[in-house]
Peer 1: 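Below you'll find the structure I mean.
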Number of protein chains: 2
Amino acid sequence: MKTHAKIAASEWAVMRVVWEEHPVTANTIIEVLSKSTDWTPETIRTLINRLMKKGVLGHEREGRAYVYTPLVDEADCVRSESQSFLQRVYGGAAKPMLVGLIEECDLSAEDIESLRDILDKKAEGGTE
Amino acid sequence: MKTHAKIAASEWAVMRVVWEEHPVTANTIIEVLSKSTDWTPETIRTLINRLMKKGVLGHEREGRAYVYTPLVDEADCVRSESQSFLQRVYGGAAKPMLVGLIEECDLSAEDIESLRDILDKKAEGGTE
DNA sequence: GATAAAGTTTTACACATGTAATACTATTTG
DNA sequence: CAAATAGTATTACATGTGTAAAACTTTATC
């Protein structure tokens, strides 16, 4: 597991687009995020540049434009952000966190079934 | 549900002590946090004052010192921080979040049993 | 009453973040 | 070729946050 720079809240929006669609042009990122946020293209470009400065996003030439690719693994980032959330809000106590989240989230019957399966596997796994 | 100022990462440490022990003196907060962080008393006092400026922490005189009490509900803060995390990292998708967290956290057999019960209740609750 | 200690408030500073515009460079179009 | 367009890099600015010290006020001690 690698350590990486902290991704700020608004930077997550950019990274999530890049993880999903890479290699991806700035214009595409802008297109996607203009729909889901109030940001101007300038704001989004700034975020892109900051992420590059942080070393979590890279780019290479493709024609007249750059295509951007992530330099960090999405799963690693999700994991560290999750640990950070767990530590900050629940003092590291996993069970109360899961209890709280399960009670609070909207879940379909299929979701619940699925989660039960995962818990079952986890139980089988024993000390995993 | 009330809206409240955003509590920053380091401020959570202070709020968690206050929620747990209120009404509580600054010295007690400092005592507790000196053990679990590298902060000086000055840093901790600053955080206390910022939280008061944010309107999430209040105080009243008790003898020569103040005792501090939370002005926001812990559950409300946990809820909004959780929603923020869910939105930022998983784009609002509750199930993948729970899957990811369950897979990543250390859970005892009792924990798992407990979580299963909660899922069962959730399933019974139907469209809750 | 003067001094020391205790407790609070104010100030400091660097960096991060949210949000955006402007300046610059390269390519395309007329 | 000049102008327009497209794409990138740099600059801007306010606020927030991490971390802490200094200044101030009140109380306790001698």
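Quick note on labels: first sequence line is chain A, next is B, and so on, each numbered from 1.
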Peer 1: Distance check needed: D:dG18 P versus B:Leu51 CG, whole Å only.
Peer 2: 10 Å

Peer 1: Under 4.0 Å between a side-chain N/O of A:Asn49 and OP1 or OP2 of D:dT10, yes or no?
Peer 2: no

Peer 1: So how far is it from B:Ile29 CD1 to B:Leu51 CG, rounded to the nearest 0.5 Å?
Peer 2: 9.0 Å

Peer 1: What's the separation between atom OG in A:Ser114 and atom CG in A:Leu107, rounded to the nearest 0.5 Å?
Peer 2: 10.5 Å

Peer 1: Compare all side-chain heavy atoms of B:Asn27 with those of B:Ile30 and state whether any distance is below 4.5 angstrom.
Peer 2: yes

Peer 1: Pick the nucleotide of DNA chain C nearest each of B:Ala26 and A:Arg45; which residue has the one closer to the 5' end?
Peer 2: B:Ala26

Peer 1: For A:Tyr68 and A:His59, take the angle between the two ring planes, folded into 0 to 90°, and tell me which bin it lands in: parallel under 30, tilted 30 to 60, perpendicular over 60.
Peer 2: tilted

Peer 1: Encode nucleotides 25-30 of chain D as B, S and - characters from 5' to 3', where the letter depends on protein heavy atoms closer than 4.0 Å: B to the base, S only to sugar-phosphate, - to neither.
Peer 2: -BSS--

Peer 1: Please classify the nucleic acid contact of B:Ile48 as base, sugar-phosphate, or nothing, using heavy-atom distances under 4.0 Å.
Peer 2: nothing

Peer 1: Could you tell me how far apart A:Ile29 (CD1) and D:dG7 (P) are, to the nearest whole angstrom?
Peer 2: 13 Å

Peer 1: CG/A:Leu57 to CE/A:Met15 distance, rounded to the nearest 0.5 angstrom?
Peer 2: 5.5 Å

Peer 1: For the pair made of CD in B:Glu42 and C1' in C:dA6, what is the distance, rounded to whole Å?
Peer 2: 13 Å

Peer 1: Within this structure, what is the CD-to-P distance between B:Glu60 and C:dT8, rounded to whole angstrom?
Peer 2: 13 Å

Peer 1: Specify the separation, in whole Å, of atom CD1 of B:Ile30 and atom C1' of C:dT9.
Peer 2: 13 Å

Peer 1: Taking 4.0 Å as the cut-off, does a side-chain nitrogen or oxygen of B:Thr43 come that near to OP1 or OP2 on D:dT19?
Peer 2: no

Peer 1: What is the distance from CG of A:Asp38 to C1' of C:dG18, rounded to the nearest Å?
Peer 2: 13 Å

Peer 1: How long is the span from the NZ atom in A:Lys54 to the CZ atom in A:Arg50, to the nearest 0.5 Å?
Peer 2: 8.0 Å

Peer 1: Using the side chain to side chain donor-acceptor pair (under 3.5 Å) criterion, which residues pair with B:Arg16? Sequence neighbours excluded.
Peer 2: none

Peer 1: Find the distance B:Ile44:CD1 to C:dA6:P and express it as a whole number of Å.
Peer 2: 17 Å

Peer 1: Does atom CD of B:Glu21 have more than 12 heavy-atom neighbours, drawn from other residues, nucleotides or ligands, at distances under 6.0 Å?
Peer 2: yes

Peer 1: Output one letter per nucleotide in nucleotides 11-17 of chain C: B when a protein non-hydrogen atom lies under 4.0 Å from the base, S when only the sugar-phosphate is that close, - when neither is.
Peer 2: -B----B

Peer 1: Check whether any side-chain N or O of A:Asn27 sits under 4.0 Å from OP1 or OP2 of D:dG7, and answer yes or no.
Peer 2: yes

Peer 1: When the distance from CE of B:Met52 to C1' of C:dT10 is rounded to whole Å, what number comes out?
Peer 2: 12 Å

Peer 1: Where do B:Lys6 and B:Ser84 land on the side chain to side chain contact (heavy atoms under 4.5 Å, CB included) test, with the steps shown first?
Peer 2: CA-CA 10 Å; B:Lys6 185 181 186 320; B:Ser84 175; 5.6 Å; no

